[in-house]
Every structure is written in structure tokens, then in C-alpha cells.
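Just so we're on the same page: letters track the sequence lines, and every chain starts at 1.
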Amino acid sequence: MIHALNALVAAEEAHVAEHSDGGWLAAGAWTLVVVPLVAAAIIIFVGKRLPRKGWELAWAAMGYVGVYGVALFIANASSGIVYEQSFEIARMGSFAIEWGWVVDGLSITLYTLVGVVGFAVFTYAKGYMEGEIRYTFFFGAFTFFAGAMLVLVSAPNMLQLIVGWELVGVASYLLIGHYWEDKENSNAAMKAFLVNKVADVGLIIGVIVIAATVGSLRFTDVLEAAAVGDSALADVAVAGGILLFIGAMGKSAQFPFHVWLPDAMAGPTPVSSLMHAATMVTAGVYLVGRMFPFYEGMAEDVRPLIIAVGVITLFAMGLIAMVQDDIKKVLAYSTLSQLGYMTAAMGAGAYTAGMFHLFTHAFFKGLLFLVAGSVIHGVHSNNMSDMGGLRKLMPKTYWTWIVGTLALMGIFPLSGFFSKDEILAQFSHGGETLALIVAVGGAFITAFYMTRATLLTFWGEYKGSAHPDESPNIMTRPLIGLAVLSAVAGFANVPGVYDGFTEWITTRGQAILEYHPDGIDFGIAAIGLAVGLAGIYAGWVLFSKDRATQRERDSFEVPVLYRLLRNKYYIDDLYAVGLVNPIKGPIARFVNWTNQAILDGIVNAAGIMVKGLGTFVYGFDQRGLDFGINAAGFSAGEAGETLRHSQTGKVQQYAAALFVGMALLVAGFMIFN
Amino acid sequence: MGWFDSGWGLSLTVFLPLVGAAVVMLIPRAQEQLVKQAALAFALASFAASVLVGFRFDYGVSGFQLDTNLSWISAINSNFHVGVDGISLPMLILSTLITVLAIIYSWNHWPEPHNPKAFLVLILLLATGMAGTFVALDLVLFFIFFELVLLPMYFMIGIWGDRTRIKLAVFNREVETRLYAAIKFFLFTLFGSAFMLLGFIALNARGGSFDIVELSEMGRAGVFAGSFGFWVFAALFIGFAVKVPMWPFHTWLPDAHTAAPTVGSVLLAAILLKLGSYGFIRISLPILPEEAQNWAPAIAILAVIAIIYGSLACLAQTDMKRLIAFSSVGHMGFVMLGIATLTEVGINAAVIGMVAHGVITGMLFFLAGSMQHRYHTREMARLGGNLKLMPILGGMLGFTAMASLGLPGLAGFWGEFMALFGSFNPLDGLSLGVFRTAMVIGAIGTILTAGYMLWMLQKVNLGEPNAEWSGKEFHDVDRYEWFAWAPLLVGIVAIGVFPKIVFGATDGTVEALVRTAFGG
Amino acid sequence: MTVVQFSLLASALFSIGIYGVLVRRNAIMVLLAVELMLSAVAVNLVAFGAFWQDRLASGQIFALFVIAVGAAEVGIGLAIVLLVFRNRSTANVDELDLMKW
Amino acid sequence: MIDYHALAPELILGGTLVVVLVLDVLPVPKWYTAVAGLTGLVAAAVPLLSLALLESDDRFMFGDSYVVDDFALVLKGLFIVTGFIALLLSVSYVESDRYYQGEFYFLLLSSVLGAVVMASARDLITIFIGLELVSAPGFLLAGWRKGDARSNEAALKYFVIGVLSAAILAFGMSLVYGVTGEVTFSGIAAASVGLSDEPVMILAVLFVLGGFGFKVAAVPFHFWAPDTYEGAPTPVAAYLSVGSKAAGFVGLLTMCYLAFSGLRDIWGPAIWILAALSMTIGNLIALRQTNVIRLLGYSSIAHGGFILVPFAMAASFDAIELGDAFSATVTYLLIYAFMNMGAFAVAMAIARKVGSVEMDQWSGLFTYAPGLATLQAVFFFSLAGIPPFAGWFAKFVMFRAVLGDSGNTWGVVLAVIAAINAVVAFFYYAKIIKASWMDPVPESVATQDAKRIELAPTLGLAMGITAIAVVAVGILPQLLAFFGDAARAIALGG
Amino acid sequence: MTFGDWAGEPGNWVFAVLAVVMIAGALRVVTSRNVVHAVLFLVATLAGSAGIFLLLGAEFVAWTVVLVSIGAVVVLFLFGIMITRAPLGYDTALDHERRWPAALIALAIFGLMAGSVLAYFEDIEVNEGIVRSSDLGTSIFERFVIPFEVVSFLLLAALIGGIVLARRDPEPEEVEAA
């Protein structure tokens, strides 16, 4: 592959040379990170005293990020930008630990996503969270969440990436567990954190392996070393690549690390929205994107793994989405599936396509979650079995949902169509036939479960007990905004027509060696669209009739498969039974037992032994010959007091011991000297 | 400031608390307020002196500074030789700081049986011992200070410790926790230090000096090579390993930490454990560099066992303090792993790990103590919903627990990450297989660490409060607690965000140490 | 006369004294045995003194001192025996067992 | 021409004895005798200083059989200080007339005189007689509580074992004389070169060792010690465990290093065994004690073992290492004297308060007598060798001496045994500390009464002197190490 | 040296007689069941030792033994026996039951002593000394004056202490706690 792409290098280098250095706007991009973090700190400490309980600060911070991101975008849209700045925060000999920020196409895309989607979500959250417990703290943590993501995105080196990576994790822990009075919620939060932590181990070791080999933590240095074919790095490239990817799998919830994401729905809906759109789950894809030249070059042997993981995830998780009753879970599994697309795309060498899908997905998935939240807000239930018929009761919500759904399904001309199509086209081009087939199947599944969700939620009769009404403006306006973006975002990159996004996203310090199609592959596009429509049709057929119960409505039920899907392939149970419970239970108890009984036992036994020895020696000391003779079993008479008195006196025992000792010493010396 | 730089600064830091102890002893017991004020004043003075030492310290130089070398026991050629370098400076300041905080915290948290005077005298004695260990450059002096901390801690645990009764393994009887823990603590440490002393004396016999600097030079020249070095290292190893504590010498720790009064636990965790790892860095490595390389894999293996073992044991605890205590075993495992790599990165990691563990675990014990103060129990099963009853305290607990599990951006991260980093590329000649395996296992240990910390948080902080607390008033963090804790919380963030606070001091020294001792 | 025969005699006396010390119950009898041992020492010393033809007569002087010390010891011993006897009405050493564990 | 300056301490002490006796029969208050005794001791210390400071040469008298050198001066100082403290303790103890104060002081002082003589004695006769003068008053003093059967018993046991060992010692000395024809140490040393394989020499040396072994209560010659300490009046026990024991060590030291300098192959290993046994058995048994005085008895046996440790490797030492061993022993003795006297003093004081020396009766002492409890901790931890109290330095020099420069295997083994013993020892010292600091006050002790009981000022003075010494030496060991160092010359000059 | 050589010297016969008397006496001292007899046998042994001293030319020592040991010490013993009301006739309970261990110990020590002495001194001759009493005096007062003075203090201490301990106090004293 490297050889095949070498030809492209020259052209790409020329491209790289064009970019600007960004000026003051890029130099000040550190504020993107600092503002939300500082805002978060202020909200947590004094937010309650603010007029709007801290929301205003959070909102303003996100607004700032959004505006700044967009400004960066606009200012550099024509020329592209690569800017990187690092400050040393520690140094060990030649090895520097730095803090900095990178401003290039990739990171600006993410800044913008976080800012724009975040702004929408924060606006919406004001309405959604009104009156909820720990309102202020929620916004503090939420702002921190966004800030942490920005730490990650802005990282010019792998260590800062890890920092942001884990901060995102802890922020998600706080947010998912927001309603921690319920154990289920705190369990979900823990699960999210721990599953991520497991994957983080891969990331951390991967970073160590790579950074220690290269001697630098900076992405630019690593990618440079990879580009020049540094032999030391080549030795560990595959291992490092896999390890980094394990980290990415955790954050982007790829199989088998996906288990945390559906449970993460325990958090308030705005959290889900942001988490699934712009922050957190995109981190993994972002990391692979950031390291793309590495995966494309030195570590290309890892790519099959990446594709495989992506493909499995996109298909298997899509299937689960078909049987969910909880509307948020449907969306959650949908996210997993879409992330599978992105990952598989990255694996297939389709950097731009993957990032583009990430870009469009952020808008429509953010939107869908907000809509779901709006519905939940009205219905007071997450379950679709409590919904139905909301189309009339919540029209704005309904129509924005439809936009988002169609975008997700990849129906022309909404954004999902373009990005998904591009991935399929890349699979096709790269000869990843299997991936292509599965991805197409995934598109059918997507369309099917979204149709199902739409019908169950908005069509038919209302079955809930609450009295749903359209949500307030503060919630619906962000919906509309995001709906617009979901609708049009696809036009940012139409191969052959307008490839602005491609230009933009490949403006990096390092050349991105990938294939860029010259135009839309209409064959693929047609198949994609057709499959999507087929999915809609299938869903319509099965779910258009208003059925009374969930079981009846899932009339496509195939008993074994259905149970398998409802139980999420038993993976969660497998983890619980096979890993978590043993460690928490018997293994931990065993270790503690070894500490208490064995190690302490040895210590205590040593103590007892010494004491016992003391008793014995004292006995011998005090009763001397009697003791010795009695102990040796030579005692003639009754043991006990009488013997002690009659046989020898104490003083004489002392004397005897004295002489015996003397004699033994003398004899011993005479013999051994 | 010439007088300050020529030994007075360090002497003041070390001995002001001792003077304070004497002064406090002279104040009548009835004048409690005066007793507290005097103790605080002396602790603060010592802290100020140590901070001033920090300002007078030249961070560009790797040798010992502000040193002095006075004849002390000429009969055995042992001198009052004190000085600081980049490794000891952070520990010195940490120890004086923690002392001050401990006294502030004690202001209104008196464990039974009260008696602030005796308690404060002990803290001040402890302060002298701790600070002295970190500045001593003479083995005998080091030994004295090293041992000096034992007595106060023994009394602190034994008198003010936990009075619940526990059943002892093998022993067929029950005993009050404090009594068992106190004697166990002392015997373990004494056992270790007896061998350590033998090692010191053997070094003196061969090298003709007790001076750490001179001995280090001899060590580099290979004076202590061969089986002699092996046995001496073994003796020192026992002494330091017990103190750290390394697995399997750790069993005193859970008992001692659990039984000690809050302040005692804090001082134990924050400073006392570091005396052991500091000893490795200050004495074992430079004086016996060859043996250090022979022993390094073993140390690494034990360190990794400690990480996993400590974490797993944590998962089985029901007592909050005991859980935190076991967590120290794991965290010190990372410190030892860093030391075992014998690299610049690893040893730097160890030092920052020591500082961070001091700050974080100290804070955790403060919090656990305050919770016990309010709930009168440490059983996690009874504590749920703390965050609801005391949001600030609970928040602090959550924050500190996060720091403890090695969250990046907070202090605990650097020690863990850099230790793992170091063990990927240990010193040339050390077994890559052992160290890289250690790295992977250690990294897995971080998952377990996160696991038990979150689990502890869930049990203690989250959920609905237990019914037994309904209707009870709990006052959230009070004034003294704020004063005592704020510096630690700030420190956790500051070190996490800007580790140069520590690395800036240590790096040059560690670099020189590694270069001269191991040529690496 | 060989020096060894005196020394053997002394050894015999000394050993007999040891036996007496070990088997006698009565404290005064024990003292008698000690007296035997001391006289054995005196025999030894005088014999060796003669053997070395010591100009300073160290052996004889030492023997004199030993005899003097023996006398003093007997005085002290009897006083103690009397004391014990007054309180306990016995002079048997094997009945002294107040201080046992 | 007799060198009166050199003999001044002995002469002053002898004079004091007479004065005490005279005062005792004169119709004056009995405490005059105590004052006279104390004054005499102080006065006896003056010529020590003048000898040490003004005269640099060693003084050899009576055909080298009596020598006043730095070693002798240091040890004489030790004996006089010990006597002084013992006397202070006694004053508060024998307040009532029933105790025959004058005679008591007289006997105590004569024992001190014996010890002082021993420090200079350089021939068999002098050292034997000196040792007897140390012991004989001890036999009597042990039974001084005439009405107390335990005291009688203590005296009788001490006496029987004492005269037996005297006989053994004398027999051993007679053999030494027989083989060498000399009574002065220098003569014996010269004549015994190359005799270390002779059975008779082995017998002689070991008999001598046994005789002194009784005095220092080394296992297996230790049996009398705990019983005697327990039964004897406490000040006497204190004196026996320190002064009389130190006298035994002086005899052992001088005999071994000066007389048997060519026989190191014999006494070195023997002392190795005695040291190991004494440390181990003393400590193990002490673990089981509940009576503090008895515990101190066993602890002093163990300390005897520690003091013997530096000798143990003498066979393989060169001159410098020998010097180290010598000074280590002397240093240990000096430190031990202060801390053990202090421990007995504080035990007396506490016994006065609570009326018992049973450990469990001392429980909770800290709550009503914190000062005493603190002093108690100081002394007992010093005995355990915990810095910053003087005991650590004693152990330190002991370890240093036994390890030597070469790190002989047997030396290392003994050092390890000593190290483990130091840990075991801590356990029983801590047991007492635990009782008085951590346990609740038992019902049988009325704290209000205990608080009201005043302690005699002399007792306070004794505790004060020893406590200050223990702490000061612990922090600045050079204070005593200087003396130990001064004494080393004797091993080098031989 | 043959037996003949040995027998040819009259002193040896004297020695033999004295030795037999002494050892026999000594054995009776430690085995006699009558306390008074035991003391009298001690007299025999001490007298024998005086004879030995005379044989070796140590006249002063010999007469000192007679005066001090036989004259004073033995009388003291008899006083002691009478005051402590020891049974004057035969008393089977005078010894412990366990004699054999004691005998074994004594024999072992004798064996060690005898063996080593024999091995070293073999058959070296010893002659009658040439020490006169005046030599003794000179030696004591020039060379051994310190032990002499010390012994005087020892005797004084024994005297005073003995009196204190042995005298009967007017009334039983209160037993004071340790």
C-alpha cells in the first residue's frame, strides 16, 4: 500500500505547504480549552449564586467555543491551517512533557462540532433540566465534559490526549451518574468509567510503547518517525497501533467495549446527545484519524483488525437496536452502529470519509437525542410502549425527528446520505467487499429500526399516562437549528462537485495518503439509497399498524435471535459472570484472606512461637533438671509439686546448671579446639 | 542569608518542632488553647523555614545544597551532615506542610482520650524525625531520624487509636485494634531497621565512613561490589521494604493505618511510608549501584505484586479506612516500580509519586477521619449517601478518590504513568521481559485501582442515605477542615496540571544520580 | 613429690565439694562443701607456689587471702542462714521457692 | 613510695566508710550518714578528674599489679556514679530506722570501693579480692529487708551461687598461676603465649570466665539474678544489676584482654556462646514476666549478652578492631549504667505510687502520673535501643564492633542474632509501656491516693540525673563515646 | 618416673596418708547423715590440708589454716548448727533424692580437671619451698598491700553486715513493698 501511495506524496506535500499559520486566532485557541474548564470550575464553586444558577456561564462558554470554532473555520476555510504550540510542563532529561494546542483541519472540525452542537445542547438543556436535582452541578460537569473533550482534541502530544481522554471519562462518569440516588445509575456510571479504563490501559501502554521508542510524545514527531521509516518504531508499530486502537475502541464503544454506551443512557438526555454527537465517542475515531498516517503506513497491518471491529460493531449493534423499547437505547445502539461505520472507514483507509461521517453524524445524532429528550420530557418515560401518536401533540419535535431520521438512514439529500455513501464507495474502491456487503446490510437495518422507532413513537395512538405537550421554545429552537445542519451538512463534501471538507480535513502537518474519488459512485449511491428505502418499507410493513403490546409489535420476532438480541448477545452477562464478579467476589476475598490468615498468620505465629519459646525456656530455666528429666519422660514418680520439693532444691538446680554449663563448655572446647 | 544557607536553614526546619515539643511540654495541661497555639506556631515556623529553603535552593545544580557538616560523634566518625537536593526538597516541604495541616486539623478533632498536649508533642516529635530523615546525609544521622518517628507514632496509635476489638489470626484471642496495630507497626519497623543498621555498619566497615556522599562515590568506584554488596543491599532492602511497605512486608500497614487516629493515619500515609522509598533512592541506589541492578527485577516483581494484591485486597474491604490503607500498598507499588527501573524517568516518577501519594492519601485519610468523626463508623455499608448529607465533604471525597485512582490532570497520574513509562525502557542490562511484563500488569492494576475507588465512592457517597441517619444533623466541612484541606486540594490540582513543581526540582538531581551511578 | 599429685588432690576435693553443694539440703551443709572447695584452691595455690619457687610467695599469699575470704563468706553465710531460719524456721535451701513463676 | 594521688579515690572512699560508721554510732540524725556517703562519693570523683586532666601518664604501682590509666579512671567514674545514684535511691528507700541506714550505706560504699579497686587491679589476687569485696556486701544487702522472706531467700540464693562461683574463679586462677607462675596480668600474658591448645589452660580460662560470668549473670550462670533482684530491696537490685555487674565486666575485660591476650582462641568463642545464649535466653524469658523488677532482671541478663558481643570475635580481630571492641564494651557499660539505674529508679517511684511492681497494676499510669510515665518510657525505650535515647548508641557500637572491618561470618551471625534479639526485647519493654500508657487504670489502684503520694527528692534527683544523661547521650553520644574511646588504649597497649 | 622413684621419696608417703585422710574426710563431709559429724570430718580435712602445707614448706599458711579455719570457722559452723536447731542425730533427709546426677556432674568435672592437669604437668617435681614468714610479710606489705587492705574492709563488712542480719530485732518490722 505504501508504495502505491508514494506517488501521491509529492502532490500532498505541495498541498501542505499552502496552509497559513493561522495568526492570532490560532495562537489564542488555547482559550477554547481554558474557557470551558474555568467556567466549569466557577460554576461548581459559585454557580449557585449566579442568577441562572450557573447555566448562563456554561451557555456562554459553549457559545464562545462555538463562535471561536466557526471563526477559525471561516478564517482559514480557504487556505487551511496548521498551527501547533507547546509549553513544557515538566522535563526529564531530554524527555519533555508538554502542554499545548494544535489548530489544524482535523482539530478545528472537532472544535466546531463541540462548540456548535454543544451550544445547541446547552441551550436545550436549560429547558430540559429545569427543576432537576443538582442543576448547577450538572452544568458545571457538563461544561467540564466539553472542556475535557477540547483538551483531548487540542492535544499536540499523546500525553495531553490521555489527559483529555480520561477527563472525558470522569466527566461522563459524573454526568451518567447524575441521578446517583438510584444504584442503577451509579452502576452505569461506574461501568462507563471502568470499561473505558480497561481500554485506556491499551491507550496508555500504546502511548508508552510509541513515545518511549520515538523519544517524544508529540504526534508530529511520531508521525514524522513513521513517515521516514524509523526502524525502532517499525519494530513496535503493530503492537503500538493495536494498543492505541484498543484505547480508541473503548472511547468509541467498539465491540467488545461497547457495553458501557447503552447503559450510559442513565444520564440526562442532553448528556447523551452531546456524548454521542461531538464528545466522548468521537474521541476514538478522532485518535485513529490523528494517527492516520501511522496506521496507513507503518502500522498498516493493524488495519484489518480495525475494519473487522468496525464492521462487527456496525452490524451487530444495529441488530440490537431493532428490539429496543427504550427510545434512547435505540439511538444508543444506532450510534454504536454508526461508529462502526466510521471505524471501519478509518480501517479501510478512508480518512476523509470516516471523518465526514463523524461530522454529519454529530449533527443528526445530536438532534435525534434532543428530540428523544423532548419526547421523554413530555411523556415522562423512556419507553416507546408508553408513547405513540406524538406526531400531532408535538409537531416541531416530530418534524425535526423526521429530518434527523432520514439523515441517519442516508436518504438523499440529507447529510447522512453523502457521508455514508462515501464510506461505501471507499469500501468498494478499496476492495473491501465483505465490509461493503455488511455496511449495506447495516444501512438496511438502520432504516428499519429508525422506521420502527418513528412509528412507535409518533404514529398510532398515545399509550402513556402523562399529558404530553410540545416542548418550550428553548428546547425546540436548538432542534430546528440542528435539523437544518443535519439537512445541509452533507453538501460540505460531494465528490466531484465540491470537496471542501476533504481539503479541509486533510490539511495537516503530515500528508494524508488516501484515495479521493473524483465523483459520486452512482452505483453505490443507488444501492445505498435503495437499501435504505427497503428498510423503511420493511419497518412500515411491520410497525405501521398500532399494536397493543411490545411483544406483539415485534412481530418479526425470531425466538432465538430475538432473545439473543434482547440480551445484547449476553456480552454484559459474560463480563459480569466471567470477569467482574469473580474479581470483586472470590478473588478479592481470597486475596484479603491470604493477607489476614496467611501473611498475618505467619506474623502472628512467629509472635506466638517466640512467646511459646519464652515459656518453654522459662520453664527449663526455673525447673532445670526436673523439667528436663520430666520433659524427657524419665520421671519416676508422680509429676507435680511433690517432686519439685523433694528431689532437688532450686538453688541446687541453679548450681547444677552452672556446673553442667561449665563442664560442657570445657569439654566442648577441649574436643573442638 | 549566608547563615541560612550554611546549615541553619535545614537545622531550623528540622529542630524547630523539637523545640516546640519541649516548649509545649512546659505549658500546663489546662491551658489547652495556648498549647495548640504554641504547637502550631512552631510547626508553621518549621514550614516557613522549609519554604525558605525552597527559595534559597538553586534548581540548576544537582548536588547537595544548603548543607553543613559538623562533627557529631567523632568516636565513630559520624557527622551532623545535612543538606538537600532535588529529591529531598519536595519531601522536606511536604513533611513540614503536612505537619502544619495535621495540627490545624487537630484543633477541634480530638480523638479519645483527648489530652491535646501529649498529642501535639508527639506530632512535633514526629515532624522532627520526618524532616530530619529527608535532610540527613550521614547514615547514622539518617538512622536516628528514621527511628525517631517510631515512638511518637507508636504512642499515637496505641493511645488514641481505634478501640474496637479484633480477633487475631492464629492467636486465639481478641485484642483492641490499637494495641495490636501499635506493637505490630513498631516490631515490623524495628525488625527492618535493625537489619538496615547492620547494613549501614557493614558499609562503614568497608568504606570507613558513614557519609552518604562519600559512600556514594565509593559505591560508584566499585568498593562495595561482590557478595558483600549483595548482603548489604539485602539488609538495607529489609529495612526500607518494611517501611515502604513492599509486599509481603506490608501487613503492618492496614492495621496501623486503620487503627491510628486520623492525624496519625495522615502522617503515616503521607510521610512515613516515604521514608522507605526515599531510603532506596538516597542510600541503596547510589551506594550500591551494581547490586541495585541485580535486585531491580526482584523489586519490580514485588512492586507489581503489591499493585495487584493491594488493589484486590481493597475490593474485599468493608472498612473505609482499611480500604484506603490497602490502596497505599498498591500506590507505593508504583513508586517502587519506578525506582526499580533505575532510569531517570522511573526515579522521577517515584519521587512525584511519593509526593502525590502523600498529598492524596493524606487527604483521603483526613476525609475518612472526618467522616468517622461524624458518623462514628467506618463501615461503608452504613455510610451510603454521604454526598447528600454533606455535599462538600462528599465532593471532596470524590475529587480525592479520582486523584487517587490516577486521573490525569491530578497529582496521582504522573507517578503511575511515568513509572509505567520508565519500566518500558528500564536501565540497559535489566531484563526487558520482566519490566515490560511489569508495565502491563501495573497498567492493569490501574483498572483495579479505579474499580475499588469507584466502588468505594458508590458505597460511601452515592445512593440514598441510610435510614439510621435520618433526622440527624451533619455539619459539613468546618473552618478548620477547610484550612487543613485546602492546601492539599490545591496541591493535588497544581501538581497534576503543572508537574514541574516537582520535576523541576528533581530532574537535575535524578539525572545526575542515574548518570553517575548507572552511567545511564 | 610431683606437682600433679597435689593438683589431683585439689581437684578431688573440689569435685567432692561440688557434689556436696548439689546434694545437701541444709544450707549449713552446703557451706561446709563450699569450704571444701576453697581449701582445694588453697592446696593448689600452695603447691604451685612451691613448684614455681615464687620469690614473692604469691601462691601462699593468694592462699591466705582465699582462707580469709572463706572465713568471711562463712560469717556472711551463717548470718543469712540465721536470718532465713528466723523467718522460715528452716535452713533447708530447697524450701526456698517463693519466687517461682 | 606510694602514689597517693593515684590512690586518692580509694583512700577517700575508705575514709568515707569510716566516717559513715562513726556517724552511725554518734547521736546524730541518721541521714547524716547518707550525706556523708554522697559527699564521699563526690569527693572521690575529684581526684579522678584531676588524674585525668592533670596527669597524662599512666601510673603503675606495686609491681604493675595496680594501674591507674584512662581505662581505670573511666570505670572508676562509672562505679562512683553508679554508687551515687544507688545511694540516692537508697535514701528514699531506707527512710525508717529499722533499715539500719548507716550499715546499709556502709555496705553499699564498700561494694563500690571493691569495684573501684577492681578497675585498677592488674593481678589475680587484687582482682579476686576486689571482686569479693564487691560481692560480699551484696549478699548482705540483698537480705536487708529482714522481715521479708523473699528478701532472705534472695540473699541466700545469691550467696550460695556467689560463693560457688568465687570458688570456681579461685580454682581457675590457681590453675592459671600454676601454669604460668605469675599473678600479674602482664606476666601471665607473657607466659601464656602459645598455650591456647593446652587443656589445662582451657579449663583455667573457662573457670575464670565462669567466675566472672556469674558476676555478670551470663547464661548459664544467670539463675540467681532474677530471684535476687526480685527479692532484694530495689536500690540494691539496681546496684547489683549495674555496679556489681559492671565490676564483673571490668574483671572479665581486663583478664581477657590483658592476662589472656594470647589465649583469644579460647575465650573469644566461649564468649560468643555466652553472648548468644545470654541475649536469646534472657530476652525469651523476659517475654513471660509480669513483675517489672524480675523482668528487669532478665533484661539485664540479655543486656549482659549484648555487652559480651564485642568480645566474641576477638579471636580474629586485629589491634584496631580490638580497640573498637574494647571501647564498645566500655561505652555500652556506661550507657547501660545510666539507663538501667534510671529504669530501676522509675520502677521504685512507680511502686511507691501504686504499691506494686506487677505490670498490670501499672496500667493507666499515664492518666494520673504523666511525668513518671514519660520517664518510664524514656528509660525502657532506651533499654530497647530506640533512638533518640542513649541505648541506641550502645547497641550501635556493639554492632559495629562485632562486625569488625572484615565482616567475619561468625561475627555477622552473632550480629544477626543480636539484631533479632533487639527486636524481641522491644516487645517486653513495650508491654510495660503499653500497660502504663494505653491500658485503663485497674480498679485496685486508687488514682487519687496515688497522686497524693509524694516522691522523695532524692529519688527525683536520681531519676533526673539518669534521664538527662540518657537523653543527652542519646542525642550527643560523643559525650560518652569519648570515655569509651579513651579506654581503648588499654587494648592497644596491652 | 616409676613407682619406685615415687615410693623412694618419703614425702610422698606422707602425702599419700594426708591425701587419703583428706579425701575420706571430704567424702564424709558431703555424705554424713549427721550434721555434727560432717563438721568434724571437715576438721579432719582441713587439718590434712594444713599438713599438706607443711609438707610444701608453707608453714605460715598451715598454721593460719589451723587457727582460722579449724579454730574459728568450724566453731562458727557449730554455732550455726545449734542455733538453727539442725537435727543433731542421724537425719536421712539431709540430702536430696537425686544424688546420681550430682555425682555425675562432680565426676565429670573431676575428670576434666584431672585429665587436663595430668596432661600438662605430667611428672614435674616440686620441692619444699623456701618461703619464710618474713618474706610473706614483706611481700604482703610491699606488693599486695591493696588486697590486704581490701580484705580488711571485706572482713569488716562481713562483720557488720552479719551482725545486722543475724541480730534479732526488737519487734517484727513492717514489711515494705518493693
Side-chain angles (χ1 to χ4, degrees), chain B residues 18 25 29 71-76 78 80 113 115 117-118 121 125 128-129 132 140 143-151 154-155 157-161 163 176 178-179 182-183 186-198 200-202 204-206 208 210 227-228 231-232 235 238, chain D residues 321 324 327-328 331 366-367 370-371 373-374 377 381 384-389 392-393 395-407 411-412 415-416 418-427 430-431 433-434 437-440 474-486 488:
Chain B
L18 192 65
M25 250 193 255
R29 205 163 146 183
S71 175
W72 179 40
I73 317 177
S74 53
I76 55 171
S78 168
F80 180 76
N115 199 346
K117 182 176 157 184
V121 167
L125 285 177
T128 290
V140 181
F143 171 76
I144 293 300
F145 285 125
F146 192 85
E147 296 279 283
L148 186 55
V149 300
L150 295 187
L151 283 184
Y154 171 73
F155 284 118
I157 297 173
I159 298 175
W160 288 274
R163 283 162 189 268
E176 280 186 46
R178 61 188 173 113
L179 301 177
I183 191 73
F186 208 125
L187 284 179
F188 255 84
T189 323
L190 196 66
F191 179 81
S193 55
F195 283 94
M196 182 183 84
L197 182 62
L198 288 186
F200 286 176
I201 290 171
N204 175 59
R206 181 64 63 96
F210 281 114
S227 65
F228 172 82
W231 289 109
V232 172
I238 294 176
Chain D
E321 288 171 315
D324 280 346
S327 84
T331 309
F366 177 62
T367 56
T374 306
F381 281 132
I386 309 294
F389 307 121
W392 78 267
F393 188 69
K395 294 236 163 57
F396 186 94
V397 288
M398 178 268 288
F399 281 129
R400 184 162 164 271
V402 70
L403 285 176
D405 291 343
S406 43
V412 174
V416 169
I420 292 171
N421 268 302
V423 179
V424 173
F426 175 78
F427 190 80
K431 214 162 76 170
I433 301 295
K434 187 209 84 174
W437 284 72
M438 301 169 190
D439 285 347
I475 294 167
L476 286 174
Q478 186 60 25
L479 291 174
L480 279 189
F482 168 78
F483 294 111
D485 234 21
R488 98 172 43 220

For this session: Determine the option with the most heavy-atom pairs under 4.5 angstrom with chain B, choosing from D:Val416, D:Val397, D:Thr331.
Result: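 Heavy-atom pairs under 4.5 Å are most numerous for D:Val416.
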For this session: Without swapping roles, check the side chain of B:Trp72 against the backbone of D:Ile475 for a donor-acceptor pair under 3.5 Å.
Result: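 Present.
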Seminar exercise, completed: Looking only at B:Trp160, B:Phe210, B:Phe146, the option with the highest number of non-hydrogen pairs under 4.5 Å against chain D is B:Phe210
Exercise. Rounded to the nearest 0.5 Å, how far apart are CE of B:Met25 and CG of B:Leu125?
Worked result: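 Interatomic distance, B:Met25 CE to B:Leu125 CG, rounded to 0.5 Å: 6.0 Å.
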For this session: Could you look at B:Phe228 and say if it's the side chain, the backbone, both or neither that has a heavy atom under 4.5 Å from chain D?
Result: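 Contact with chain D: none, neither part.
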Problem set entry | Spacing of D:Phe426 atom CZ and B:Phe186 atom CZ [to the nearest 0.5 Å] | 3.5 Å
Exercise. Considering only heavy atoms, which portion of D:Phe381 lies under 4.5 Å from any heavy atom of chain B: side chain, backbone, both, or neither?
Worked result: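 Answer is side chain: those atoms of D:Phe381 sit under 4.5 Å from chain B.
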Problem set entry | Nearest heavy atoms of D:Leu403 and B:Ala202, plus distance in Å | CD1-N, 4.2 Å
Exercise. With chain B, which of D:Ile386, D:Thr374, D:Asp485, D:Leu479 has the greatest number of heavy-atom pairs at distances under 4.5 Å?
Worked result: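 The option with the most such pairs is D:Ile386.
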Problem set entry | Engaged part of D:Ile420 at the chain B interface, taking heavy atoms whose separation is under 4.5 Å |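 Contact with chain B involves the side chain of D:Ile420 alone.
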Seminar exercise, completed: Under 4.5 Å to a heavy atom of chain D? For B:Phe80 that would be neither
For this session: Name the region of B:Ile144, side chain, backbone, both or neither, that has any atom closer than 4.5 Å to a heavy atom of chain D.
Result: both
Seminar exercise, completed: Assert top hit (heavy-atom pairs under 4.5 Å, partner chain D, pool B:Ile76, B:Ile159, B:Leu148) equals B:Ile76
Exercise. Donor-acceptor pair, B:Glu147 side chain versus D:Pro388 backbone, under 3.5 Å?
Worked result: no
Exercise. Counting only N and O atoms by type, is there a donor-acceptor contact under 3.5 Å from the side chain of B:Arg178 to the main-chain atoms of D:Met438?
Worked result: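 Confirmed, B:Arg178 side chain pairs with D:Met438 backbone.
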For this session: Quick one: sort the D:Phe396 and D:Trp392 rings into parallel, tilted or perpendicular, breaks at 30° and 60°.
Result: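 The arrangement is perpendicular - the two ring planes meet at more than 60°.
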Problem set entry | Which atoms of D:Leu476 approach chain B - backbone, side chain, both or neither, heavy atom under 4.5 Å |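 Looking at D:Leu476, backbone and side chain both touch chain B.
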Problem set entry | chain B contact via D:Val424 - side chain, backbone, both or neither, heavy atoms under 4.5 Å |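 Neither part; nothing is under 4.5 Å.
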Exercise. Side chain, backbone, both or neither: which part of D:Ala377 has an atom under 4.5 Å from a heavy atom of chain B?
Worked result: side chain
Exercise. What part of B:Ala118 lies closer than 4.5 angstrom to a heavy atom of chain D: side chain, backbone, both or neither?
Worked result: side chain
Exercise. Checking B:Leu179 against chain D: side chain, backbone, both or neither under 4.5 Å from a heavy atom?
Worked result: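 When you check distances to chain D, only side chain atoms of B:Leu179 fall under 4.5 Å.
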Exercise. Does any heavy atom of chain B fall under 4.5 Å from the side chain of D:Ala422, the backbone, both, or neither of them?
Worked result: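 The backbone, not the side chain.
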Exercise. Judged by atom type as modelled, is there a donor-acceptor pair below 3.5 Å linking the side chain of B:Thr128 to the main-chain atoms of B:Leu18?
Worked result: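 The answer is yes, because a donor-acceptor pair under 3.5 Å joins these two groups.
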Exercise. Can you tell me how far OG1 of B:Thr189 sits from OH of B:Tyr154, rounded to the nearest 0.5 angstrom?
Worked result: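 Separation between the atoms: 12.0 Å.
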For this session: Take atom CZ of B:Phe145 as the centre, draw a 6.0 Å sphere, and report whether it contains more than 12 heavy atoms from other residues, nucleotides or ligands.
Result: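 Atom CZ in B:Phe145 is packed in, count exceeds 12.
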